[in-house]
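Accompanying notes for the structure given below.
In the text below, chain A, chain B and the rest are named by the order of the sequence lines, each starting its count at 1.
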Amino acid sequence: MFRLQGGRRMTAAAAPLIAAQDLTVRFGATTALAGVSLSIHPAEIVTVVGPNGSGKSTLLRALLGIVPAAGGQVARAPGLRLGYVPQKLAIDPTLPLTVDRFLSLPRRQPAAARAAALVRVGLADLGGRQMAALSGGQMQRVLLARALLDRPQILVLDEPTQGLDQPGEAAFYRLIEDLRRTTGCAVLMVSHDLHVVMAASDRVVCLNGHVCCQGTPSVVSAAPEYRALFGLGTQGALALYRHVHDHDHGGPAAPVAHGHAHDHDHPHPAAGG
Amino acid sequence: MLDDFLTRAALAGVGLSVATGPLGAFVVWRRMAYFGDATAHAAILGVALALAADLPVTIGTLSVALAMALAVAWLSGRGWAADTILGVLAHSALAFGLCAVSFLPGVRTDLSAWLFGDILAVSTADLAAIWGGAAVVAGLIAWRWQALLTCTLSEDLAQASGLNPGRERLVLTVALALVVAAAIKVVGALLIAAMLIVPAAAARSLARNPEGMALAASALGAASALGGLALSLRLDTPAGPSIILCAAAAFALAAGLRGFWR
């Protein structure tokens with residue numbers, strides 16, 4: 001299932017949902033982001049990658065209006081409906097909260113809509129479970145279900161697969177792609193799982209306090225700025241992505257890189273770097 | 001036939017619980033126990049100032065408690081560890097208040113009434129102030145319920161949904177000052193925080209949802225107030241501490257039941 005490069009270009013002509021112009025964010029004397037310009041258009045999947053401390057989460061939080069801009073500006077489409085999936089949600093053990101109740105925050109949602117959202121993320125029948133009793137993967141899906149209830153035009157996800165194993169990760173990103181296809185929402189996410197990123201994104205933004213480079217996955221992974229940050233080993237990440245997406249690997253224990261007849265001619269170096 | 005003062009005492013305890021249940025739940029969820037203590041201790045200073053200036057005590061406690069709550073909120077945003085700020089302010093407010101009271105010979109004698117409450121001496125006017133304050137607090141929390149809950153869960157999530165966590169914090173701060181002013185006559189400055197925390201902590205074991213916990217905290221608070229009065233009447237123990245004793249027993253019972261069911 002190779003995606004044609006530029007296959008989403010037609011939608012890029014529409015007005016952006018969110019656009020940052022020359023965005024600068026400071027925490028005290030530290031400059032976290034400098035001169036970042038970025039726009040997200042309807043129905044595209046944009047992933048922000050970068051080393052630790054490169055300002056990935058800060059960029060999302062600035063686009064969401066959680067941290068103020070010290071310079072530049074962030075423009076949103078009028079009346080934009082936005083679904084935010086935070087990196088994690090720490091529930092104080094003194095707070096009793098069922099999944100169903102959580103889905104009705106901050107706006108009350110009808111029972112049918114809550115049930116449908118849980119089915120959509122593959123967690124039917126989990127509505128009565130306490131939030132504190134969820135596994136990491138279930139929690140991410142519940143956060144996603146809550147974000148979906150406002151019928152978002154754009155989903156914003158901050159490292160949504162942190163703490164998931166590789167099959168869990170792949171399944172989560174498949175769900176995201178599926179949501180994009182069925183609802184037409186745009187997706188902006190932060191990740192450092194390079195191989196999955198390269199697989200699941202229309203556009204990759206490589207960040208290190210400023211935008212180093214951006215473009216389609218293959219363009220970015222070939223860019224010298226990207227290689228300077230992540231090393232050369234990531235060339236294989238693209239290959240890994242492609243066959244992760246070509247077919248299902250059966251059980252969760254199935255190893256990704258062997259035992260299958262892949263029709264590719266890439267080497268298999270360790271991903272990441 | 002109940003004596004009239006006992007009816008008033010019972011009504012005061014139940015009225016206060018209407019507010020302390022839901023507010024206490026937030027104090028527990030947001031770990032504001034020490035914050036509650038600091039605000040309540042400041043009320044002693046409010047009592048001294050009000051009596052010295054010949055103003056109604058409720059006005060004094062309300063304004064000093066509010067000033068204290070705002071000062072703590074402001075200072076903890078200024079790079080001090082919240083724990084340290086609260087430790088300094090809670091105890092110095094109490095010390096300052098006790099010294100101020102010592103200049104007023106009339107108050108000095110019944111200081112323990114302000115520290116531990118004097119629910120059996122609640123007048124009809126006190127009762128009106130307690131129910132009025134409790135109704136305002138319960139109404140405020142009910143009105144902001146969804147927003148308060150979202151902010152308590154995650155400020156990022158709340159902000160991404162267009163809520164303002166600072167505003168919701170202010171709602172709780174004001175509610176806390178109101179409860180302190182209403183409660184000082186019932187359980188006294190030293191035990192107001194206990195009235196907030198102990199019933200809510202007991203309710204935690206019994207509830208599956210935030211609403212359930214807030215309602216159960218109110219019910220347990222009211223039951224503790226009535227039980228404490230009965231205890232005080234029978235054993236001639238001080239009423240305020242007896243109320244907290246009943247709440248503590250409810251907590252132990254609820255925690256025990258939870259362990260038993262599991």
Quiz item: Can you say whether A90(A) sits under 4.5 Å from chain B via the side chain, the backbone, both, or neither, judging by heavy atoms?
Solution: backbone

Practice problem: State the CZ-OG1 distance between R107(A) and T150(B), to the nearest 0.5 angstrom. | Solution: 9.0 Å

Quiz prompt | Side chain / backbone / both / neither for R61(A) at chain B, heavy atoms under 4.5 Å | solution = side chain

Exercise. Output the distance between atom CG (L148(B)) and atom CG (L105(A)), rounded to the nearest 0.5 Å.
Key: 11.0 Å

Quiz item: What part of E211(B) lies closer than 4.5 angstrom to a heavy atom of chain A: side chain, backbone, both or neither?
Solution: side chain

Quiz prompt | Residue A207(B) versus chain A: region with a heavy atom under 4.5 Å | solution = both

Quiz item: Measuring from L89(A):CG to L153(B):CG, what's the distance to the nearest 0.5 Å?
Solution: 4.5 Å

Self-check item: Inter-chain contacts: residues 157-169 of chain B against chain A, heavy atoms under 4.5 Å
Solution: L157(B), Q159(B), A160(B), S161(B), L163(B)

Quiz item: Side chain, backbone, both or neither: which part of L95(A) has a heavy atom under 4.5 Å from chain B?
Solution: both

Quiz item: Which residues in residues 15-35 of chain B have a heavy atom less than 4.5 Å from any heavy atom of chain A?
Solution: V28(B), W29(B), R31(B)

Quiz item: With a 4.5 Å limit on heavy-atom distance, are the side chains of R101(A) and R208(B) in contact?
Solution: no

Quiz prompt | Distance (rounded to the nearest 0.5 Å) between L97(A) CG and L149(B) CG | solution = 7.0 Å

Quiz item: Near R151(A) CZ, under 6.0 Å, is it more than 12 heavy atoms from other residues, nucleotides or ligands?
Solution: no

Self-check item: Max heavy-atom pair count under 4.5 Å with chain B, selected residue of P93(A), G83(A), A147(A)
Solution: P93(A)

